[in-house]
Amino acid sequence: MSEGREWAVILGASAGTGAAASVALARRHHLQIFGIHRGNHPDTAARMQGEVEALGSGCHLRVGEAGTYASAREGAEEILRVAGPRSVRILVHAIANASVARLASGPGPMPAHPKQVEKTFEAMAHSFLWWTQALLERDLLTPGARLLALSNPMTDQLLRGTALVAAAKAALEVCVRHLALELGPSGIRVNLLKFGAVRTNALRATVGDGGADRIEEAVRAVIPAGRILRIEEVGELIALLAGEELAWFNGATLDFTGGETQSLWDYIVHHPPGTTE
Ligand SMILES: NC(=O)c1ccc[n+]([C@@H]2O[C@H](COP(=O)([O-])OP(=O)(O)OC[C@H]3O[C@@H](n4cnc5c(N)ncnc54)[C@H](OP(=O)(O)O)[C@@H]3O)[C@@H](O)[C@H]2O)c1
C-alpha cells in the first residue's frame with residue numbers, strides 16, 4: 001500500500017453504505033481505504049476490497065468493533081501505523097447497530113432495556129464523537145478533511161418501534177453541528193447526510209424482511225421519483241462530498257431522501273384509504 005496517498009476511513013466498510021462509499025471514493029478520488037467491520041459479511045467485504053483494488057487503491061481492513069470509545073482509540077492507533085499522520089481525507093461513519101423497541105409498555109416490541117438504549121446511542125451517535133476525537137488526537141486528518149455522519153427520515157416521522165434509532169440520529173445531528181462550529185476554523189468540515197430506505201442488512205435487521213418489503217412498497221408509492229434509492233447513489237454522493245468543490249457544506253444536514261417525507265401528505269390525500277391505485 002503506497003504511503004503518501006490520502007485515505008478514507010470507513011466505519012462499516014463491509015456492506016451497505018460503507019461498502020458503496022469505499023468503492024466510490026476509490027473511483028472518484030483514488031483514496032486508499034481503511035475499512036472497519038466485525039466480520040459478519042465476509043463475501044461483500046471481499047467484493048468491496050476487490051473492486052477498490054481493481055481501481056488501483058489499497059484497501060486495509062480491520063476486523064473488529066468500531067462502535068465504542070476504546071475501539072475508536074485502538075483503530076486510530078492502527079491508522080497511524082498503516083497510513084501515517086495527516087493522511088485521512090474523509091471519515092464515513094456507516095455502522096448500524098440499533099435496537100427496535102418501544103419506549104413504554106404496550107402492544108408490539110418490548111419496552112427498551114437500558115442495554116438496548118446504550119448500545120443504540122453508542123453505535124449510532126456517540127461513536128461518531130469518539131472517532132472524531134481519536135483522529136484529532138493522533139493528528140490523522142488532512143487539512144480540509146471531511147467528517148460525515150449518516151441519518152434517515154425517522155427523525156421526521158413517527159414509525160412505531162424506531163424511537164431509539166430516531167433519538168440517536170437526533171443526537172448525532174446536534175453533535176455534527178457543534179463539531180462543525182468547533183472545527184470550522186481548522187478547515188475541517190462536518191456534515192450529516194440524510195437518505196431514505198435502502199434494503200441493506202441494517203434495514204432487514206431493524207424491521208425484518210416483511211417490514212422491509214412494506215417499507216419499500218410504501219416509499220415507492222410516496223416518493224415523487226416512484227422508486228427507492230440505490231445504495232450506489234449514496235456512495236456516489238459521499239464521494240462528491242469529499243471533493244474540494246463542496247467544501248462550503250459545514251454543519252449541514254443534507255436531505256437526500258428524494259422528497260420522501262414532504263410528499264407523504266400528498267400521497268395520503270390523493271390515495272384515501274380504500275382506494276387501490
Ligand atoms: N439502509 C438504509 O435504509 C439507511 C437509510 C438511511 C441511513 N442509513 C444509515 O447508514 C448507516 C449504515 O447503514 P447500512 O444500511 O449501510 O448498514 P449495513 O448494510 O447493515 O452495513 C453496516 C456495516 O457496519 C458494520 N458494523 C455494524 N455495526 C458495527 C460495529 N459496532 N462495529 C464495526 N462495524 C460494524 C457491518 O459489518 P459487521 O456486522 O460485520 O460489523 C457493515 O459493514 C447507518 O448509520 C444507517 O442508519 C441507512
Side-chain angles (χ1 to χ4, degrees), residues 9-24 33-49 59 61-72 74-75 78 91-100 118-128 130-131 148-157 159 162 164-173 175-176 192-207 211-216 218-220 223 228-235 237-238 253-258 260-261:
V9 172
I10 313 291
L11 312 180
S14 66
T17 316
S22 299
V23 173
I33 304 299
F34 187 107
I36 308 183
H37 65 102
R38 293 166 304 176
N40 293 320
H41 312 289
D43 293 352
T44 51
R47 191 186 317 140
M48 179 281 291
Q49 184 164 26
C59 181
L61 289 180
R62 173 181 165 87
V63 179
E65 181 58 53
T68 62
Y69 181 76
S71 67
E74 289 159 14
E78 189 168 329
L91 166 75
V92 182
H93 181 272
I95 58 177
N97 197 4
S99 289
V100 172
E118 280 159 26
K119 181 195 80 173
T120 303
F121 274 81
E122 185 82 359
M124 307 294 268
H126 301 163
S127 53
F128 183 67
W130 309 146
W131 275 95
L148 188 67
L150 304 175
S151 188
N152 59 43
M154 287 173 192
T155 47
D156 311 315
Q157 297 162 345
L159 179 61
T162 63
L164 293 185
V165 186
K169 295 294 189 189
L172 183 63
E173 184 167 353
C175 240
V176 162
L192 182 71
L193 174 61
K194 179 181 288 199
F195 57 97
V198 186
R199 190 189 283 250
T200 60
N201 300 316
L203 187 72
R204 277 191 289 266
T206 309
V207 294
D213 282 343
R214 287 194 294 281
I215 286 179
E216 255 187 52
V219 167
R220 200 176 287 120
I223 211 157
I228 69 163
L229 181 64
R230 289 189 294 270
I231 202 69
E232 293 76 18
E233 293 173 297
V234 182
L237 179 59
I238 291 173
T253 296
L254 298 158
D255 186 320
F256 197 54
T257 65
E260 177 185 320
T261 312

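By convention here, the first residue in the shown sequence is residue 1. For ligands, and for the atoms within them, numbers begin at 1 and follow the listed sequence.
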- Query: Looking at G64 and R38, what are the two nearest heavy atoms and their distance?
  - Reply: O-CG, 3.4 Å

- Query: Hey, is ligand 1 close enough to A197 that some N/O pair sits below 3.5 Å?
  - Reply: no

- S127 near ligand 1 by a heavy-atom separation under 4.0 Å: no

- Task: Give the residue, atom name and distance (to 0.1 Å) of the protein heavy atom nearest atom 28 (N) of ligand 1.
- Result: R38 NH2, 3.2 Å

- Give a yes or no on whether R204 atom CZ has more than 12 heavy-atom contacts from other residues, nucleotides or ligands under 6.0 Å away. yes

- Ion pair present between K119 and E122, side-chain N to carboxylate O less than 4.0 angstrom? no

- Item | Which of the ligand 1 atoms, numbered from 1, are nearer than 4.0 Å to a heavy atom of E65 | 30 (C), 31 (N), 32 (N)

- Message: Starting from atom 17 (O) of ligand 1, what is the nearest protein heavy atom, named by residue and atom, and what distance separates them?
- Response: A202 CB, 3.3 Å

- Task: Look at the side chain of Q157 and the backbone N and O of L159, then say whether any donor-acceptor pair between them is shorter than 3.5 Å.
- Result: no

- Would you call K194 a ligand 1 contact, heavy-atom distance under 4.0 Å? no

- Please work out whether the ring planes of H93 and F128 are parallel, tilted or perpendicular, with thresholds of 30° and 60°. perpendicular

- Return a yes/no value for N40: is any of its N or O atoms, backbone included, closer than 3.5 angstrom to an N or O of ligand 1? yes

- Query: Heavy atom of A123 under 4.0 Å from ligand 1?
  - Reply: no

- Message: Measuring from non-hydrogen atoms of G196 to any atom of ligand 1, is the shortest distance under 4.0 Å?
- Response: yes

- Side-chain (Q49) to main-chain (C59) donor-acceptor, under 3.5 angstrom: yes

- Query: About how many Å separate CG of L172 and CG of L192, when rounded to the nearest 0.5 Å?
  - Reply: 5.5 Å

- Residue portion contacting ligand 1 (non-hydrogen atoms closer than 4.0 Å) for S151: backbone

- Query: Any donor-acceptor pair under 3.5 Å linking the side chain of T44 with the backbone of S14?
  - Reply: yes

- Distance-only N or O hit between ligand 1 and I95, under 3.5 Å: yes

- Taking atom CG of L150 and atom CD1 of I95, what is their separation to the nearest 0.5 Å? 10.5 Å

- Task: Output yes when a side-chain donor or acceptor of S127 lies under 3.5 Å from a complementary backbone atom of W130, and no otherwise.
- Result: no

- Message: Does ligand 1 come near enough to G39 that some N or O of the ligand is less than 3.5 Å from an N or O of the residue?
- Response: yes

- Message: For R220 and E216: C-alpha separation, side-chain torsions, deciding distance, then whether salt bridge (charged side-chain N to carboxylate O under 4.0 Å, His left out) applies.
- Response: CA-CA 6 Å; R220 200 176 287 120; E216 255 187 52; 3.3 Å; yes

- Of the protein's non-hydrogen atoms, which lies at the shortest distance from atom 12 (C) of ligand 1, and what is that distance? A94 O, 3.2 Å

- Closest approach of any protein heavy atom to atom 3 (O) of ligand 1, naming residue and atom: V198 N, 2.7 Å

- Message: Just to be sure I read this right, does ligand 1 sit under 4.0 Å from the backbone of M124, its side chain, both, or neither, counting only heavy atoms?
- Response: side chain

- Note on the structure: Scanning both residues in full, the closest heavy-atom pair of A125 with A168 reads CB-O, 3.4 Å

- Query: Quick check: does L203 get an N/O under 3.5 Å from an N/O on ligand 1?
  - Reply: no

- Under 4.0 Å from one or more heavy atoms of G16, ligand 1 contributes atoms 16 (O), 19 (O)

- Query: Nearest protein heavy-atom contact for atom 4 (C) of ligand 1: which residue, which atom, what distance?
  - Reply: F195 CE1, 3.5 Å

- Write out the residue and atom name of the closest protein heavy atom to atom 11 (C) of ligand 1, then the distance separating them to 0.1 Å. L150 CD1, 3.7 Å

- Query: What protein heavy atom is closest to atom 45 (O) of ligand 1, reported as residue, atom name and distance in Å?
  - Reply: K169 NZ, 2.8 Å

- Task: Ignoring hydrogens and angles, tell me if any N or O in the side chain of E233 forms a donor-acceptor pair with the backbone of R230 under 3.5 Å.
- Result: yes

- Query: Taking only heavy atoms of G64, which atoms of ligand 1 are found under 4.0 Å from at least one of them?
  - Reply: 33 (C)

- Item | A66 backbone acceptor or donor facing W131 side chain under 3.5 Å | yes

- Please report which non-hydrogen protein atom sits nearest to atom 37 (O) of ligand 1, along with the residue it belongs to and the distance in Å to one decimal place. S14 OG, 3.3 Å

- Note on the structure: Note: ligand 1 atoms sitting under 4.0 Å from heavy atoms of N152 are 6 (C), 7 (C)

